[in-house]
Amino acid sequence: MSGTETPILRLSGITKSYGTVQALRGAALEVNPNEVVALVGDNGAGKSTMIKVISGVVQPDTGQIEVDGQPVTFGSPLAPRKYGIETVYQDLALASDLDPAANLYLGREILRPGLLGRLGVLDKPRMRAGADEAFARLSVGLQDTRSRVGTMSGGQRQGIAVARAVLWASRLVLMDEPTAALGVVQTDRVRALIESVREQGVSVILVSHNLPFVFEVADRIEVLRLGQRVAVFKRSETTVEQVLGAMTGALSAT
Ligand SMILES: Nc1ncnc2c1ncn2[C@@H]1O[C@H](COP(=O)(O)OP(=O)(O)OP(=O)(O)O)[C@@H](O)[C@H]1O
Ligand SMILES: [Mg+2]
């Protein structure tokens, strides 16, 4: 990772208040091409608020967002999508009654060519083929791809949600606590998914309280405390103790 490349995403001076609560106080974040960045911090540090700013769900009061060095405005959740930025929400936002393929194309359904398409008839074979290809590429193990997503395990649903984000993300995937509800095996599955995402040249911002997991998957670790970035670490040059120190304020910022 050279120090001279332009980040694919840069946030600076981001402030956001909810009434009297200052969730973000001049927060900053950078993501380089092909990089997994972990965003860590204590409860209430502002991590989810940052993710929501990037996914266009929350509008910051002040601050700048740049994509490839160009200023952008993410005024709605549709805006970041145009830049190839997709989010895996903590609740996964899957439709339980639909099968995995339908979930992958939720809101972006492919219609049949010609008149049938103009009448709104879905091209299910094409969507199913696209879904199967995405699940295979990301090694999402689904025994029955025609079952309703609601019947599937937590790890499988996580895999489907990540696959949906990756299918549409050409630049960056945001994940807020992707392993919070998962067991050891399922957590390992998400780790493998994050690695496949990076192999496809897509960067990841990962919010997690699971520091051992963060140390397994992240290239860099950015620490938020009280709504500000207080430290940036290269994973390979850092200990868990240093990160914990920055999170709690026991160590001075680097
Ligand atoms: N919609 C909201 N309305 C009011 N206050 C909010 C709202 N969302 C967040 N906050 C407040 O903003 C601060 C930052 O919250 P945020 O959810 O970003 O923290 P976090 O770092 O994600 O914490 P956690 O690790 O617990 O998920 C907190 O004090 C929180 O109570
Ligand atoms: Mg949060």
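Order of appearance sets the numbers: ligands from 1, and atoms from 1 within every ligand.
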Start with the C-alpha gap between Asp97 and Arg148, add the side-chain angles, then the distance that decides, and say whether salt bridge (charged side-chain N to carboxylate O under 4.0 Å, His left out) holds. CA-CA 5 Å; Asp97 289 337; Arg148 295 186 311 116; 2.9 Å; yes
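- Checked against Asp99 for a salt bridge (Lys or Arg N to Asp or Glu O under 4.0 Å), the options Arg128, Lys124, Arg146 give a single hit: Arg128.
- Closest of all the heavy-atom pairs between Arg220 and Glu30 is NH2-O, 2.6 Å.
- Remark: minimum distance from atom 26 (O) of ligand 1 to any protein heavy atom is reached at Asn43 ND2, 2.8 Å.
- Nearest-heavy-atom check against atom 25 (O) of ligand 1 across Lys47, Lys52, Arg225 picks out Lys47.
- Contact detail for Arg112 and Leu122: the closest heavy-atom pair is CG-O, 3.4 Å.
- When heavy-atom distances to ligand 1 are checked against a 4.0 Å cut-off, Val207 has no atom that comes that close, whether in backbone or side chain.
- Summary of contacts: the protein heavy atom closest to atom 14 (C) of ligand 1 is Gly44 O, 3.4 Å.
- Cluster annotation: Val37 is connected to Phe74 through the hydrophobic network of ILVMFWY side chains, with a link wherever side-chain heavy atoms come within less than 4.5 Å.
- Residues Arg81 and Glu86 come closest through the heavy atom pair CG-OE2, 3.4 Å.
- When hydrogens are left out, the protein atom nearest atom 31 (O) of ligand 1 is Val21 CG1, 4.8 Å; that is the closest non-hydrogen contact.
- Protein heavy atom at the shortest distance from atom 17 (O) of ligand 1 is Ser48 CB, 3.7 Å.
- Contacts of His209 with ligand 1, taken as heavy-atom pairs under 4.0 Å, involve the side chain alone.
- Taking the six-membered ring for Trp and thresholds of 30 and 60 degrees, Trp168 and Tyr105 have ring planes more than 60 degrees apart, a perpendicular arrangement.
- Nearest protein neighbour of atom 9 (C) of ligand 1, counting heavy atoms only, is Tyr18 CE1, 3.4 Å.
- Contacts between Thr49 and ligand 1 below 4.0 angstrom, taking non-hydrogen atoms only, involve backbone and side chain alike.
- Connectivity analysis of hydrophobic side chains (ILVMFWY, heavy atoms under 4.5 Å, direct or indirect) links Leu98 to Leu106.
- In this structure, the side chains of Ile160 and Met152 come closer than 4.5 Å at one or more pairs of heavy atoms.
- Summary of contacts: the protein heavy atom closest to atom 12 (O) of ligand 1 is Ala23 CB, 3.3 Å.
- For the Mg ion (ligand 2), the count of nearby protein N, O or S atoms, meaning those under 2.8 Å away, is 1.
- Between Ala45 and ligand 1, an N or O atom pair is found at a separation short of 3.5 Å.
- No donor-acceptor contact under 3.5 angstrom links the side chains of Thr6 and Asp68, judged on distance only.
- For Val40 against Leu211, the heavy-atom pair with the smallest separation is CG1-CD2, 4.2 Å.
- At least one heavy atom of Gly46 sits less than 4.0 Å from an atom of ligand 1.
- In terms of heavy atoms, Ser208 sits closest to Thr179 at OG-OG1, 4.3 Å.
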